[in-house]
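Nothing here was measured: the structure is a model prediction, and the numbers come from that model. Protein chains get the first letters and strands the later ones, always in sequence-line order, with residue 1 at the start of each.
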Protein chains: 2
Amino acid sequence: MTTEMATDPTQAARWFHALSDATRLGIVMRLTGGERCVCELTDALDAAQSRLSFHLKVLKEAGLITDRRDGRWVHYSLNREAIEGAGQFLASIKPRRRLKVECCG
Amino acid sequence: MTTEMATDPTQAARWFHALSDATRLGIVMRLTGGERCVCELTDALDAAQSRLSFHLKVLKEAGLITDRRDGRWVHYSLNREAIEGAGQFLASIKPRRRLKVECCG
DNA sequence: TTGACATATCAACCAAAGTTGATATATCAT
DNA sequence: ATGATATATCAACTTTGGTTGATATGTCAA
C-alpha cells in the first residue's frame with residue numbers, strides 16, 4: 001500500500017492546467033509507451049519544433065514529465081507520481097449524497 | 001462492472017481545463033458533500049457573485065456539474081460520470097516500460 | 001403589481017497562454 | 001575547428017481566460 005496524502009488543490013490545478021491541452025495530452029499518451037525522444041514526438045504529433053518544445057516545457061514545469069539528455073537527443077518520460085497524484089485528487093471527488101440539510105428558503 | 005470506453009482526448013482536455021483553476025476546484029470539492037445552492041458556495045468561497053457564476057458556468061459547460069432550479073435558488077451538483085471519465089483517462093496514462101527500441105543515433 | 005432577492009449575463013478591461021519564425025546552445029562527425 | 005543536427009529560447013503577436021461592476025431575468029412575498 002502506498003502512502004496517500006490529501007492533494008493540495010493548488011498543485012492539482014497546476015496538473016490539470018498542464019493536461020488541459022490536446023497537444024499535451026497527445027504527448028502524454030505517447031509517453032504511456034515509455035520514454036520517447038523529442039524527434040519521435042515531433043513526427044508522431046506533427047507539431048512545429050518550437051511549439052512542441054513549448055508544450056514539453058509546460059508539462060515538465062508542472063512535474064508531469066521528466067527529461068534525460070543523451071548526447072544530442074533529449075528523452076522525455078512520464079512522472080508516475082504526478083499522474084497518480086492527479087488521479088488521486090479525482091478519486092477524492094466522489095459525490096456523497098447529502099445528509100438532509102436544506103440550505104435556503 | 002461498469003462499461004469502460006477509451007476517452008476522447010479532446011473531451012479529456014475540456015474536463016481538465018475546467019479543473020485547472022483553484023476556485024473551480026474549490027467548488028468541486030464543496031460539491032463532494034452533495035448538492036449545494038449558489039448562496040452556500042458564495043459564502044464558503046467568498047467570491048463575488050458574478051465571478052462565482054462565471055466559474056459555475058465553465059464547470060457546467062464542461063459537463064462536470066449540473067444545475068437544478070428550485071424557486072429562486074439554483075442548486076449545483078457533481079456529474080459523477082464526467083468526474084469518473086476524467087479519472088479513467090488518467091488511469092489509462094500508466095507508464096509502461098519501453099520494449100527495447102532505441103529511436104535515434 | 002411592486003419590491004426584494006437569487007442568479008445569470010454583459011461589456012470593458014487586463015493577464016495568461018499559445019503560435020510562429022528567428023536565433024541560440026549543445027553535441028556530434030569530419 | 002567547421003558544419004550539421006537536435007533541442008531550447010526568444011520576441012512579437014493573436015487568442016483565450018478571468019475579474020469587475022452594471023444590468024437583466026426569474027421568482028417569491030406583501
Measure from CG on A/Asp67 to P on D/dA8 and round the result to the nearest Å.
-> 7 Å
Out of D/dT19, C/dT9, C/dT7, minimum distance to the side chain of B/Trp73 belongs to C/dT7
In whole angstrom, what separates A/Leu56's CG from D/dT7's C1'?
-> 10 Å
From the candidates D/dT9, C/dA17, C/dT7, the one with an atom nearest any side-chain atom of A/Lys57 is D/dT9
OP1 or OP2 of C/dA17 under 4.0 Å from side-chain N/O of A/His55 | no
Examine D/dG18: is either OP1 or OP2 under 4.0 Å from a nitrogen or oxygen in the side chain of B/Arg24? Give yes or no.
-> yes
Is A/Val74 reachable from A/Val28 through a run of hydrophobic residues whose side-chain heavy atoms are each under 4.5 Å from the next?
-> yes
Report yes if a side-chain nitrogen or oxygen of A/Tyr76 is closer than 4.0 Å to either non-bridging phosphate oxygen (OP1 or OP2) of D/dA8; otherwise report no.
-> yes
Please give, in whole Å, the distance from C/dA17 P to A/Phe16 CZ?
-> 17 Å
Any donor and acceptor pair, going by atom type alone, linking the side chain of B/Asn79 with main-chain N or O of B/Thr66 inside 3.5 Å?
-> no
Aromatic plane relationship, A/Phe16 with B/Phe16 - under 30° parallel, 30 to 60° tilted, over 60° perpendicular = parallel
Identify, residue by residue, the members of residues 41-52 of chain A with a heavy atom below 4.0 Å from DNA chain D, and return them in order of residue number, or none.
-> A/Gln49, A/Ser50
Checking side chain to side chain contact (heavy atoms under 4.5 Å, CB included) against B/Phe54, which of B/Val58, B/Leu56, B/Leu52 comes through?
-> B/Val58
Give the nucleotide from the list C/dT9, D/dT7, D/dC28 with an atom nearest to the side chain of B/Arg72.
-> D/dC28
Give the intermediate values and the outcome of side-chain contact (heavy atoms from CB on, under 4.5 Å) for residues A/His55 and A/Asp21.
-> CA-CA 9 Å; A/His55 288 298; A/Asp21 174 277; 3.7 Å; yes
Whole angstrom value for the distance that separates C1' of D/dT15 from NE2 of B/His17 | 12 Å
Close side-chain approach of B/Arg68 to B/Glu35, heavy-atom, < 4.5 Å = yes
Can you find a side-chain donor-acceptor pair between B/Arg14 and A/Ser20 that sits under 3.5 Å?
-> no
Selected nucleotide, minimal atom distance to A/Asp21 side chain, candidates C/dG18, D/dT7, D/dG26 | C/dG18
Nucleotide nearest B/Phe54 (side chain, heavy atoms from C-beta), chosen from D/dA8, D/dT19, C/dG18 | D/dT19
